[in-house]
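Atoms within a ligand are numbered from 1 in the order they appear, just like the ligands themselves. Just so you know, these numbers come straight off a predicted model, no measurement behind them.
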Amino acid sequence: LSIPYVFSWTLYCKNIELKISTTQSGLICISVNIEIIISTTQSGLICLSVNIEIIISTTQSGLICLSVNIEIIISTTQSGLICISVNIEIIIGTTQSSLICISVNIEIIISTTQSSLICISVNIEIIISTTQSGLICLSVNIEIIIGTTQSSLICISVNIEIIISTTQSGLICISVNIEIIISTTQSSLICISVNIEIIISTTQSGLILFCFFSRTDVVAVTPWLAPIVWDGTFDPDLVDTIYKSMNITIATTVFAVGKYVLFLRDFLETAEKHFLVDFNVRYYVFTDRPDDVPSVNLSQGRHLSVIQVPGSNRWQEISARRMEIIQTAIERQISREADYIFCLDVDSKFHARWGAESLGRLVAVIHPWFYQATRDHFTYERRPASTAYIPMDEGDYYYAGAVFGGLLEEVYTLTKVCRNQLEEDARNSIEAAWQEESHLNRYLLYNKPSKLLSPEYQWDDKKTKTKEVKVIRFSSVVKNYAEIRPNV
Ligand SMILES: CC(=O)N[C@H]1[C@@H](OP(=O)(O)OP(=O)(O)OC[C@H]2O[C@@H](n3ccc(=O)[nH]c3=O)[C@H](O)[C@@H]2O)O[C@H](CO)[C@H](O)[C@@H]1O
Ligand SMILES: [Mn+2]
């Protein structure tokens, strides 16, 4: 059968689309697409989306591709989040040079997030494919997650992953990953975590590597070769031993202005359990309410100084002025008392080890809400009038303002530059989108950090734990902004 001319017929009726077309090289494509979307946005969001898509097509060189995709999404977001998502996807296809690809993907997600989080996720994925240059890839992935988080956290996660693949240049990679996590955290902690991972791989130079407990699911180095600290990429005991032999002291600044003094007890008590345990740590608490600083038992080698600072009726100013105050405190006091420094948000708690792996010349943390986002979604300051300005086509990561640190002299320069830029902006009556966090991001773009901490080191209790975050070390607590801040 030869089709003498290009033919295209489309029935388009509101949300139903039926398309039959032939293209110049005799390709046939039948596409049925039914889509129903009901949505109201802002404040009371409702979103109902039904999407059925069937595509049958032959492409150049006789390829056949059958794709069935059924997707049902029901969701209301913000405050009372409900999200039901059923996704069935079947793809059978042969592609160029006789590639075979069978992919079955069944995904069921039921979740309500924030306050009382419930999350049921069943994910079965079977992929069999041969790709160009004869690669074979077999991947079986079964994932079951049942979890409620915050206050009474329960999390059951079963993850079985089998990957067999050969890659270009004849590499073989066998990866078996079985992961069982049962955990309730906070107050009555129970945590059972079984992680068996076997990786056998041969690399280009013919080496065979047997790796146990290694990471293949995250990138652990920046393009400028700074490590990104993820659990499983370092030996905690070894790294602590190395730094302990240096007999260093780590300064830790924390601001508790106005009602934020309420966060101090949890912050300090959990820090004593998890933060640089067995190291010399000096806390510097900056507050306008020195009488409200709680007395917390400190371990040996640990000290706390209270430094009085003025209050303010704008949280933006309290947050931003930290740069100036830290700079001054380093000059006056801290430079004589410590080698390294961390500057942390007080509205947070430690949940697990934060050790010497975090130390480096200049250290920043990847913001938990942006580590999966692309650069165009980063909330950098975008107005050229601000000294925190970052053009759309620049930027490496979006760093959180809640954690930065490093050698004292490095952080001194950072705070000084950011302070000067904040003051220059103030003189020009412009305030960067995220105050000192915007200036920090601008500074770190042109002064690359020597070490990045993964979002394990700055999680957010409002955010459901993701698969690659094996351990939450430090996390922002959920707070009622209207109650706790001097202005909204
Ligand atoms: C996770 C993260 O990266 N958070 C950043 C974000 O929102 P956040 O919502 O985390 O800001 P926030 O309310 O925690 O304020 C930052 C910090 O300033 C101090 N504080 C603030 C208000 C107050 O009344 N009293 C007081 O002491 C306190 O130490 C607090 O932790 O944006 C802020 C700047 O806009 C900072 O960059 C925060 O680090
Ligand atoms: Mn905070």
Q.
Closer than 4.0 angstrom, basic N to acidic O: yes or no for Arg314 and Glu431?
A. yes
Q. Rounded to the nearest 0.5 Å, how far does CG of Leu264 lie from CG of Leu304?
A. 8.0 Å
Q.
Are Phe286 and Phe255 an aromatic pair, judged by ring center distance below 6.0 Å?
A. yes
Q | Test side-chain hydrogen bond (donor to acceptor under 3.5 Å, both in side chains) applied to Ser319 and Arg485, Glu437, Glu436, Gln435, the passing residue | A | Glu436
Q: Look at Asp266 together with Lys349 and state whether they make a salt bridge at an N to O cut-off of under 4.0 Å.
A: yes
**Q.** Check: Phe404 ring centre within less than 6.0 Å of Phe342 ring centre
**A.** no
Q. Using a cut-off of 2.8 Å, how many protein N, O or S atoms lie below it in distance from the Mn ion (ligand 2)?
A. 3
Q.
Among Leu444, Leu407, Leu452, which residue satisfies the side-chain contact (heavy atoms from CB on, under 4.5 Å) criterion with Leu362?
A. Leu444
Q) Out of Trp459, Phe275, Phe279, which residue meets the ring-ring contact (aromatic ring centres under 6.0 Å, His included) rule with Trp354? A) Phe275
Q | pair Ile341-Ile330: side-chain heavy atoms closer than 4.5 Å | A | yes
Q: Tell me the residues surrounding ligand 1, counting only those with a heavy atom closer than 4.0 angstrom, sorted by chain and number.
A: Phe255, Ala256, Val257, Tyr260, Trp315, Ile318, Ser319, Arg322, Asp345, Val346, Asp347, His367, Ala400, Gly401, Ala402, Trp434, Gln435, Glu436, Glu437, Gln458, Lys479, Tyr481, Arg485, Pro486
